[in-house]
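Working notes for the structure below.
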Amino acid sequence: MHDIRWIRDNAQAFDRALARRGLAGLAGAMIALDERRRAAIGAAEEAQARRNLVSRDIGEAKKSKDDAMAARLLAEVGELKTRVPALAAQEKAATLALDTALAQVPNLPLDDVPDGHDANGNVERHRFGAKRAQASAPRQHFELGEALGQMDFETAAKLSGARFVVLKGALARMERALGQFMLDLHTREHGYVEISPPLLVREEVMFGTAQLPKFAADQFAALAGADAALRRADSNGAADGLDAARGAGGDRRWLIPTAEVPLTNLVRESIVEEADLPLRLTACTPCFRAEAGAAGKDTRGMIRQHQFTKVELVSVTTPRQSADEHERMLACAEEVLRRLGLHYRVMTLCTGDMGFAARKTYDIEVWLPGQNAFREISSCSQCGDFQARRMAARYRAREGREVGHVHTLNGSGVAVGRALIAVMETYQQEDGSIMVPEVLAPYMAGMARVERVAG
RNA sequence: GGAGAGGUGGCUGAGUGGUUGAAAGCACCGCACUCGAAAUGCGGCAUACGGGUAACCGUAUCGGGGGUUCGAAUCCCUCCCUCUCCGCCA
């Protein structure tokens, strides 16, 4: 969410930055809404001030038993009785109009973000490792997993539909091992605090990190007492089942699409002392995504699922610290892949490929031999004060005791499902078995190799 | 699910519909006293928005929303949240 006062003072810079994202200028429209809002505020406050003044006099008059004076003042204030609520309603509507418009505007790219229209404009920053020599054509993870009898998409479809998977035995264990390994690395060596957050959150929490209102179609929602709520909604002839259910007393929560949502919102509506910053938080959680815009994309295998596990990194910093923290966070995520011995490259996303809330983003793309391609396994973003403003998350400066919005950053450290895929495809053997990377062995009871088991 | 009790400033906690943004205490900051500290005394100490170069002025906020009233922390409705007891449950 942008500061309308900043837009007012920097209208050209604002529109120029939006243009870099391929968007039309909005400063004029925003400023017009703001002017309407401020005019409404002025009118409403003036009326209220007058009412307050006269009301006070009425109180005085009644106290001194001056009934004639009181009656005269009452008559005088009569007109305000309808005017004040009307003006207040206008003010509310004008403020809502501005807020609604502002909530739809994405963050602005930092100056050093490369310009571009889409993923083709991303710039490689550096890479690590190399492709391994493999005797025959490497197989994809789902071919390996199905052959091992430990990755079952058909059964998952029976339970939940497309884009779900059932892992069994050693592969299930390896997924868990990956999450544990990452969490241990970040908490023991990188200074992050482990969090076990709620997976169902309120609407305003989703708004805080900017998943809502614009990306509702990408999210899952859960209803408590869904049957009863929906039945009542139906009988009301309501169009939108969810909103209606809520209106009918249904209790709606959103399933987190990433732990970024609960972790970042940990500081919502609060003022953190500067001495306590930066906050570094990590969690390993399931993530739920509707993948609404991805029909037909990555339909095979575990690359794109409605549910997947991810270790998330979140930092809350002062404005001065956020750029350095971004580099640090990237290094923390990279370290995961280095220790797993996975080949990857780091891309600086261009203006056209960045997410809504980001002002700068690094993606880590891991090499998948079976796919013969680099695929995203982590995305580390600085959001500046964009989310902080939506969440009302502030800090008090050490010097001067001033209050300002914090900066927030988030990154995957890393996506566990995709890490499993990368390990499988990278460490696959001719016979279809998979060598276990050394760093995972302690988490897998010393198992050295994942093999097909009878049954 | 049933019954009940509550939500007031960073915290504790008063508050008869009329200068109550809100007593008091604690915490915090400044000053005085002190060699220093403690104790004590004096003063300060919410947030947001609007207006103003500024000093400052105005408006709103006592869980959220709505209502009654010239005027609401105080009355009414509604929603949310917290707590206690009972039941159920991983």
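On a predicted model such as this, the values are computed, not experimentally measured, just so you know. Throughout, a chain's letter reflects where its sequence line sits, starting with A, and its residues are numbered from 1.
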Solution key, residues 277-294 of chain A side-chain donor-acceptor pairs under 3.5 Å, sequence neighbours excluded:
from: A/R280; atom 1: NE; to: A/E325; atom 2: OE1; distance (Å): 3.4
from: A/R280; atom 1: NE; to: A/E325; atom 2: OE2; distance (Å): 2.7
from: A/R280; atom 1: NH2; to: A/E325; atom 2: OE1; distance (Å): 2.8
from: A/T282; atom 1: OG1; to: A/E312; atom 2: O; distance (Å): 2.9
from: A/R289; atom 1: NE; to: A/P257; atom 2: O; distance (Å): 2.9
from: A/R289; atom 1: NH2; to: A/P257; atom 2: O; distance (Å): 3.0
from: A/E291; atom 1: OE1; to: A/R304; atom 2: NH1; distance (Å): 3.4

Set of salt bridge (Lys or Arg N to Asp or Glu O under 4.0 Å) partners for [X], sequence neighbours left out:
X: A/D152; answer: A/K168
X: A/D111; answer: none
X: A/R389; answer: A/D385
X: A/E146; answer: A/R300

Looking only at atom [atom1], what distance separates [N] and [M], rounded to whole Å?
N: B/U59; M: B/G21; atom1: C1'; result: 13 Å
N: B/A73; M: B/U20; atom1: P; result: 12 Å
N: B/A14; M: B/U53; atom1: P; result: 46 Å
N: B/G63; M: B/C80; atom1: C1'; result: 8 Å
N: B/G44; M: B/A22; atom1: P; result: 12 Å
N: B/U12; M: B/A60; atom1: C1'; result: 26 Å
N: B/A24; M: B/C81; atom1: C1'; result: 28 Å
N: B/A3; M: B/C76; atom1: C1'; result: 24 Å

Reported CD1-to-CE distance for the pair A/I434 and A/M447, which is rounded to 0.5 angstrom: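 Nearest 0.5 Å value for the CD1-CE distance: 11.5 Å.
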
Rounded distance [0.5 Å steps], CG in A/L409 versus CZ in A/R328: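 Interatomic distance, A/L409 CG to A/R328 CZ, rounded to 0.5 Å: 11.5 Å.
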
Short side-chain N/O contact to B/A48 OP1/OP2 from A/R5, under 4.0 Å: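 Answer no for this pair, as no side-chain N or O of A/R5 is under 4.0 Å from OP1 or OP2.
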
Contact check, side chains of A/D99 and A/T95, non-hydrogen atoms, under 4.5 Å: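 Yes, at least one pair of side-chain atoms sits under 4.5 Å.
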
Sub-4.5 Å side-chain heavy-atom contact between A/L167 and A/L420: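 Contact flag for A/L167/A/L420 side chains = yes.
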
Annotated protein contacts, base or backbone, on nucleotides 60-67 of chain B with a non-hydrogen cut-off under 4.0 Å, one of B, S, - each: S----SS-

Between [N] atom [atom2] and [X] atom [atom1], what is the distance in whole Å?
X: A/R394; N: B/A46; atom1: CZ; atom2: P; result: 14 Å
X: A/L199; N: B/A90; atom1: CG; atom2: P; result: 20 Å
X: A/R83; N: B/U69; atom1: CZ; atom2: C1'; result: 19 Å
X: A/D276; N: B/G10; atom1: CG; atom2: P; result: 17 Å
X: A/K81; N: B/U69; atom1: NZ; atom2: P; result: 4 Å
X: A/R389; N: B/C49; atom1: CZ; atom2: P; result: 10 Å
X: A/R390; N: B/A48; atom1: CZ; atom2: P; result: 20 Å

A/Q387-A/E260 side chain donor-acceptor pair, cut-off 3.5 Å: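 A pair is found: one side chain offers a donor N or O, the other an acceptor, under 3.5 Å apart.
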
Would you mind writing out the side-chain donor-acceptor pairs for residues 100-108 of chain A within the sub-3.5 Å range, not counting sequence neighbours?
from: A/T100; atom 1: OG1; to: A/L96; atom 2: O; distance (Å): 2.6
from: A/N107; atom 1: ND2; to: A/A357; atom 2: O; distance (Å): 2.9
from: A/N107; atom 1: ND2; to: A/C383; atom 2: O; distance (Å): 3.0

Pair listing, side-chain hydrogen bond (donor to acceptor under 3.5 Å, both in side chains) test, anchored in residues 7-20 of chain A, at least two apart: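 For residues 7-20 of chain A: A/R8-A/D34, A/R20-A/D115.
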
side-chain hydrogen bond (donor to acceptor under 3.5 Å, both in side chains) contacts in which one or both residues fall within residues 438-451 of chain A, not counting sequence neighbours: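 Sorted result for residues 438-451 of chain A: A/D184-A/Y443, A/S433-A/R449.
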
Contacting residues from residues 33-44 of chain A, given that a heavy atom lies under 4.0 angstrom of RNA chain B: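 Within this stretch, A/R37, A/R38, A/I41 sit under 4.0 Å of the strand.
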
Plane angle bin for A/H190 and A/Y192 - parallel if under 30°, tilted between 30 and 60°, otherwise perpendicular: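 Judged by the thresholds at 30° and 60°, the geometry between A/Y192 and A/H190 is perpendicular.
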
Atom pairs, N/O to N/O, protein against nucleotides 18-20 of chain B, distance under 3.5 Å?
from: B/G18; atom 1: N2; to: A/S55; atom 2: O; distance (Å): 2.7

Option among A/Q382, A/H326, A/E327 that satisfies the side-chain hydrogen bond (donor to acceptor under 3.5 Å, both in side chains) test with A/Y362: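 Going through A/Q382, A/H326, A/E327 one by one, the side-chain hydrogen bond (donor to acceptor under 3.5 Å, both in side chains) with A/Y362 is satisfied by A/E327 alone.
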
Stem list, RNA chain B (Watson-Crick or G-U pairing under 3.5 Å, at least 3 consecutive pairs):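 RNA chain B forms these stems: B:1-7 with B:80-86, B:10-12 with B:24-26, B:28-32 with B:40-44, B:46-51 with B:56-61, B:63-67 with B:75-79.
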
